[in-house]
Amino acid sequence: MIQSPPGKTAVNHDRKSHIFDNLNAAQLEAVAASPGPLLILAGAGSGKTRVLTRRIAWLIDAQRVQPRAILAVTFTNKAAAEMRGRVEGLLNAPPGGMWLGTFHGLCHRLLRLHYAEANLPQAFEIIDSDDQFRLIRRVLRELELDEQRWAPREMQWLINSHKENARRPQDLPDGDHIAHTLRRVYHAYETFCRRLGLVDFAELLLRTLELFRNNQTVRETWQQRFQHVLVDEFQDTNAIQYQWLRILCDAHKNLFAVGDDDQSIYGWRGARVENILRFQKNFPDTRVIRLEQNYRSTAVILKAADAVIAHNAGRLGKKLWTDRSSGAPIRLYAAYNDFDEARFVVESIESWVARGNRRDSTAVLYRSNGQSRAFEKLLRAIKMPYRVYGGQRLFERAEIKDALAYLRLIANRDSDPAFARVVNLPARGIGPRTFEHVRERARQQQISLWRAATAMVDEYELPARASNALQRFLQLIDEMADATADLELGEVADHALTHSGLLEHFSRESSEIAEGRLENLQELVDEARNFKVSFADGDDEGAAPDALSQFLANAALDAGDTQAEEWEDCVQLMSLHAAKGLEFPLVFLTGMEDGLFPHQRSLDQPGSLEEERRLCYVGMTRAMSALYMTWAGERHMHGQTHPTRPSRFLREIPPQYIEEIRGTHISNVSIGGRGVSVRGGGFGGGRGVGVGGVHGGGAHGGAAIQRPAAHQPADGFGGLVPGRSVRHKKFGEGLVIALEGQGEHARVQVNFAAAGVKWLVCQYARLETL
DNA sequence: GACAGTCCTGTTTTT
DNA sequence: CAGGACTGTC
């Protein structure tokens with residue numbers, strides 16, 4: 001890295017021009033706006049991250065603001081890392097002292113510094129949603145509530161939403177039985193957390209907010225320190241996060257908020273788009289700057305997306321525009337079923353790649369993660385490398401959490417969740433009975449499981465065998481702590497893995513799954529080895545936690561990105577939520593069906609349809625040059641095949657932007673056997689919409705969506721359809737991929753489990769349908 | 001304590 | 001259908 005040389009004036013001049021390079025008028029205005037409340041309404045693809053990072057660089061370099069006076073907040077660790085990298089690039093040096101992170105990460109840091117003022121034990125521990133779920137389940141059991149009636153998941157969700165709105169149990173109405181019970185559960189859960197020194201995600205935020213509210217000294221310290229506060233994805237802030245920002249900026253009002261009301265897609269977890277409107281009320285004289293030039297998509301894509309989002313009421317309103325050319329129309333494919341949809345998508349990707357494009361320039365997007373399976377299956381079949389985003393992350397995997405539990409006990413013996421998790425893993429003769437005794441004692445004396453167990457062993461309260469087993473466990477942890485006291489983090493993890501017996505436990509079974517687990521555990525050791533302590537002594541007032549504690553907190557707060565060979569050129573598969581902030585030359589928006597997208601549950605809840613529409617908008621605006629949208633006439637879900645209807649969002653796209661793609665292989669398919677009920681029935685009762693075309697039977701002309709004909713004379717296929725399982729005398733079992741020709745020329749493409757993909761002439765193939 | 005069988009439930013997801 | 005949670009048996 002280049003150190004900043006003396007003679008700053010000249011350098012600053014250079015850098016300044018660097019900071020202003022390639023900015024349009026609105027971006028420039030935002031970057032160099034005078035201090036005060038600023039609301040940047042940044043449409044999709046309008047260079048929002050660029051503005052944010054340049055603003056920080058401008059403050060530091062041109063305005064001579066001390067980095068330590070800057071606080072920048074993002075929503076994900078990934079976004080934080082990216083922003084840090086880009087700011088460093090602009091400044092040619094890391095901005096020492098600047099705080100940049102997620103709301104949760106920053107609150108965690110504040111609570112570590114002010115644990116006493118926040119009424120927390122010094123060794124307080126962050127629990128993730130899985131730990132929280134287990135804890136709530138335990139609370140329900142202790143309260144002797146029926147888990148059928150009071151579903152732990154539901155309770156967890158309710159408690160979290162109350163916390164997200166800054167409501168403590170005592171703030172809840174104590175009305176009917178249901179309200180009363182929830183209050184009791186919430187209260188008991190809080191008691192548990194307090195006693196055990198546990199802090200869940202929502203608590204990190206709420207506790208910090210309360211700390212600011214109740215403690216003038218702490219509040220003023222940070223208000224004075226952070227003279228400039230910047231927030232990314234402002235539309236995704238919840239009630240607490242907004243209050244928190246308001247307090248921090250109360251004196252100077254230097255809040256730089258960047259957001260897009262049209263891209264608010266996290267309302268279901270407490271985000272409040274209204275914060276954008278509230279902002280202008282709460283901060284009088286807010287300067288609003290709109291970034292409306294889109295640098296990402298073709299004009300057609302942009303106009304189509306704009307037409308969809310225009311159906312939402314109560315928008316702030318933006319006019320996104322581009323100087324790019326129209327580009328290709330949006331391609332719409334009405335698939336016969338979900339298998340055919342996947343076939344179409346995969347074949348389209350194949351030919352895109354065959355034309356010399358990179359695989360990672362294309363993304364397949366879907367509403368829910370389960371939809372990825374059909375695509376994965378086909379991609380695997382043709383050996384096209386792909387990568388699925390989302391799903392379980394490293395630190396959420398069971399075996400990783402087991403290993404982490406040992407580390408947590410080393411760091412803090414009083415961690416009940418960790419104790420409960422591994423006291424008998426691997427099995428060491430401490431069964432449910434013994435464990436219940438320990439738990440009972442802990443409950444009675446209001447002490448941790450560790451202390452209860454120690455006391456019981458000391459007082460010979462248990463049968464000899466159980467007592468010995470328990471003592472061995474306690475000893476094991478103590479020994480591990482002793483042995484690792486002076487080791488590097490990676491070696492601590494390694495030691496814990498070996499000496500806990502976990503490694504042996506998982507190597508005993510020899511399946512693919514077990515192998516994967518061992519790999520994951522190895523990866524945990526690597527993570528520990530590479531872990532960089534993020535805040536150290538002297539950084540701020542107060543002592544920094546040791547490396548192990550920081551690593552554990554990090555494991556909870558940053559679940560670890562889906563690890564995969566990122567260097568490989570892969571087709572990208574992800575949910576629409578996961579796609580936010582990304583862009584791809586070629587995008588497939590799949591499963592465009594009412595009931596799936598928009599999701600059924602959003603159709604039942606008022607208001608949530610608009611969020612689905614924003615999700616659609618987010619999806620469409622990911623595409624740079626080509627956008628395909630697909631839907632399937634029938635879809636396999638929960639073990640059944642359902643007829644479906646095209647998504648209402650498709651009808652909201654003006655037909656002139658759409659080009660319908662007719663099935664190339666399947667236009668002559670006869671649908672034998674059970675037949676396909678294309679019309680009527682299905683989700684939510686058939687009202688209004690003819691399935692023949694999303695635009696009401698093609699009234700607009702041009703863009704009618706034809707379904708594959710439902711009734712055809714004998715054509716030589718004998719009832720074969722894509723997706724059907726067949727058996728061949730020689731090749732064995734396989735799946736029909738495609739059909740072409742007719743009569744005696746009818747040919748069928750089959751993917752055989754053993755023999756691979758083959759074209760066969762139906763007349764001779766003698767396929768047996770299964 | 002391991003394993004097989006049953007029941008049940010199926011959004012989105014970060015922290 | 002399929003995966004997870006849970007129950008019951010040896």
Side-chain angles (χ1 to χ4, degrees), chain A residues 73-80 101-108 126-134 137 147-148 151-154 157 160 163-164 199-206 208 233 236-238 240-241 264-271 338 365-374 389-393 395-396 398 424-434 469 505 508-509 513 553-562 574-581 591 595-605 608 611-612 614-616 618-619 635-642:
Chain A
V73 198
T74 62
F75 263 81
T76 63
N77 291 294
K78 203 170 139 200
T102 63
F103 276 105
H104 292 83
L106 298 167
C107 286
H108 171 235
I126 302 174
I127 55 170
D128 65 13
S129 13
D130 183 54
D131 295 326
Q132 186 188 39
F133 176 78
R134 290 157 183 263
R137 204 169 47 183
E147 283 178 41
Q148 299 293 315
R153 279 262 166 258
E154 184 97 340
W157 191 83
N160 284 336
K163 284 197 178 191
E164 275 153 14
V199 173
D200 61 43
F201 290 138
E203 187 72 28
L204 284 169
L205 303 176
L206 181 51
T208 312
E233 308 278 14
D236 286 333
T237 49
N238 67 23
I240 297 196
Q241 289 159 340
S264 159
I265 55 175
Y266 286 105
W268 52 272
R269 66 166 207 231
D338 40 356
L365 308 183
Y366 33 77
R367 175 66 236 262
S368 54
N369 281 315
Q371 288 166 253
S372 74
R373 304 182 74 229
Y389 285 77
Q392 252 208 338
R393 273 164 309 223
F395 290 129
E396 284 169 359
N424 199 32
L425 189 92
R428 48 173 71 89
I430 302 164
R433 270 194 88 79
T434 310
H505 172 75
R508 268 188 34 218
E509 40 183 330
I513 304 161
N554 181 69
L557 289 174
D558 182 0
D561 221 347
T562 328
M574 68 191 82
S575 73
L576 287 158
H577 284 88
K580 188 159 86 152
L596 187 63
F597 186 35
H599 195 274
Q600 188 59 48
R601 282 170 81 141
S602 74
L603 294 172
D604 309 333
Q605 282 167 8
S608 51
E611 182 154 309
E612 295 283 303
R614 291 192 290 269
L615 197 51
C616 182
V618 166
R635 187 169 291 274
H636 204 68
M637 271 177 91
H638 310 321
Q640 274 177 320
T641 302
H642 300 276

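Naming: A, B, ... by sequence-line order, numbering from 1 per chain.
- For the pair A:Y366 (side chain) and A:M574 (backbone), a donor-acceptor distance under 3.5 Å is present.
- Side-chain proximity of A:H577 to B:dG1, B:dT13, B:dT15: nearest is B:dT13.
- As rounded to whole Å, 13 Å separates atom P of B:dT13 from atom NZ of A:K580.
- For the C1' atoms, the distance from B:dT11 to C:dC6 is 24 Å, rounded to whole Å.
- Taking side-chain N and O atoms only, A:S129 has no distance below 4.0 Å to OP1 or OP2 of B:dT14.
- Rounding to whole angstrom units, OH of residue A:Y366 and C1' of B:dT13 are separated by 13 Å.
- As a whole-Å value, the separation of A:L615 CG from B:dT12 C1' is 7 Å.
- Taking only side-chain nitrogens and oxygens, A:N77 never comes nearer than 4.0 Å to OP1 or OP2 of B:dT14.
- Ring-plane geometry between A:H577 and A:Y266 is classed as tilted, the angle between the planes lying from 30 to 60 degrees on a 0 to 90 degree scale.
- In this structure a side-chain-to-backbone donor-acceptor pair under 3.5 Å is missing from A:E611 to A:S608.
- Nucleotide B:dT15 holds its C1' atom 13 Å from the CG atom of A:D236, rounded to whole Å.
- Atoms CG and OG1, on A:L106 and A:T74 in that order, are 7.5 Å from each other to the nearest 0.5 Å.
- The nucleotide whose nearest atom lies closest to any side-chain atom of A:A427 is, among B:dT12, B:dT15, B:dA2, B:dA2.
- The backbone N or O of A:E396 lies less than 3.5 Å from no partner atom in the side chain of A:D128, so there is not a single donor-acceptor pair.
- In this structure, A:G431 reaches neither bases nor backbone, as no heavy-atom distance under 4.0 Å exists between it and the strands shown.
- Two residues, A:L576 and A:P432, neighbour DNA chain B, and the one matched to the more 5' nucleotide by heavy-atom proximity is A:P432.
- Between A:Y389 atom OH and B:dT13 atom C1' the separation is 17 Å, expressed in whole Å.
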Kindly give the atom pairs (protein nitrogen or oxygen, nucleotide nitrogen or oxygen) under 3.5 Å for nucleotides 4-11 of chain B.
residue, atom, partner, partner atom, Å
B:dG10, N3, A:H638, ND1, 3.3
B:dT11, O4', A:H599, NE2, 3.4

Pair assignment for DNA chain B - dot-bracket with | for other-strand partners, Watson-Crick or G-U under 3.5 Å: ||||||||||.....

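- In summary, the side chains of A:Q132 and A:D200 do present a donor paired with an acceptor at a separation below 3.5 Å, with no hydrogens or angles considered.
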Check the pair A:R367, A:E612 against salt bridge (Lys or Arg N to Asp or Glu O under 4.0 Å), reporting the backbone distance first and the verdict last. CA-CA 9 Å; A:R367 175 66 236 262; A:E612 295 283 303; 2.4 Å; yes

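- At a cut-off of 3.5 Å, with distance as the only test, a side-chain donor of A:S368 or A:Q371 sits close to an acceptor on the other residue.
- Within 4.0 Å of A:R137, counting heavy atoms only, lie sugar-phosphate atoms of the nucleic acid but no base atom.
- In 5' to 3' order, the nucleotides of DNA chain C bounding all contacts with chain A (an atom under 4.0 Å from a heavy atom) are C:dC1 to C:dC6.
- Along DNA chain B, the nucleotide nearest A:T76 and the nucleotide nearest A:E611 are compared for position; the residue whose nucleotide lies closer to the 5' end is A:E611.
- Under a 3.5 Å cut-off, the side chain of A:N424 and the backbone N or O of A:I430 do form a donor-acceptor pair.
- Using a 4.5 Å heavy-atom cutoff, the side chains of A:F201 and A:N160 are not in contact.
- Rounded to whole Å, atom C1' of B:dT14 lies 12 Å from atom CG of A:D128.
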